Amino acid sequence: GASAEAVAGEVAGAWIAEGQARMLRQLLPTLARYRFGASLPVEAERRLSACDEAQLLHLQALLETETNLDAWLAALPV
């Protein structure tokens with residue numbers, strides 16, 4: 001079976017990833033507002049709350065390349 005250290009490492013990794021995802025869910029609406037000059041629609045915030053860490057990191061990267069809020073919102077998973 002898996003060692004206690006391996007299990008603890010997996011748990012810690014999952015905990016850190018969820019913490020990062022939680023932080024990004026809170027931070028991305030603010031970053032988008034500063035970048036595009038408009039607040040996210042309520043529906044977009046709901047969709048953002050359902051994103052996993054990989055999706056959130058992708059959306060964070062898109063903040064640097066998208067030129068307007070609608071293009072960035074189009075990248076949000078449905």
Side-chain angles (χ1 to χ4, degrees):
S3 71
E5 290 171 348
V7 171
E10 289 177 23
V11 170
W15 183 76
I16 290 168
E18 182 50 39
Q20 181 174 11
R22 189 177 314 114
M23 179 195 66
L24 285 169
R25 283 184 201 105
Q26 293 173 355
L27 189 60
L28 285 175
T30 301
L31 293 175
R33 186 173 67 247
Y34 283 121
R35 171 81 167 98
F36 303 119
S39 294
L40 295 186
V42 173
E43 173 63 16
E45 290 197 30
R46 184 196 62 75
R47 289 166 49 200
L48 191 63
S49 71
C51 291
D52 63 23
E53 182 189 14
Q55 292 167 323
L56 293 166
L57 290 170
H58 177 70
L59 290 165
Q60 180 185 17
L62 288 177
L63 280 174
E64 298 177 20
T65 58
E66 294 297 353
T67 57
N68 62 65
L69 181 60
D70 289 336
W72 188 76
L73 290 174
L76 273 173
V78 177

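Atoms considered below: every heavy atom in the structure, side chains included; atoms not considered: hydrogens, waters and symmetry mates. Predicted model, so just to flag it, every value in this text is computed and none were measured.
Residues that satisfy the side chain to side chain contact (heavy atoms under 4.5 Å, CB included) test with Arg46, not counting sequence neighbours, are Glu43. Residues passing the salt bridge (Lys or Arg N to Asp or Glu O under 4.0 Å) test with Arg35, sequence neighbours excluded: none.
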Using a 3.5 Å cut-off and no angle test, enumerate the donor-acceptor pairs between side-chain atoms of residues 25-34 and protein atoms at least two apart in sequence or in another chain.
| unit_1 | atom_1 | unit_2 | atom_2 | d |
| --- | --- | --- | --- | --- |
| Arg25 | NE | Ser49 | O | 3.2 |
| Arg25 | NE | Cys51 | O | 3.4 |
| Arg25 | NH1 | Glu18 | OE2 | 3.2 |
| Arg25 | NH2 | Cys51 | O | 2.8 |

Solution key, residues 58-66 side-chain donor-acceptor pairs under 3.5 Å, sequence neighbours excluded:
| unit_1 | atom_1 | unit_2 | atom_2 | d |
| --- | --- | --- | --- | --- |
| Thr65 | OG1 | Leu62 | O | 3.4 |

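Here the closest non-hydrogen pair linking Phe36 and Thr67 is CE2-C, 3.9 Å. Listed here is the closest heavy atom pair of Gln20 and Leu57: NE2-CD2, 3.6 Å.
A side-chain donor-acceptor contact under 3.5 Å links Gln55 to the backbone of Asp52.
Leu48 has its side chain within reach of Leu56: a pair of non-hydrogen atoms, C-beta onward, lies under 4.5 Å apart.
Here the CG-CZ distance, from Leu73 to Arg47, works out to 7.0 Å after rounding to the nearest 0.5 Å.
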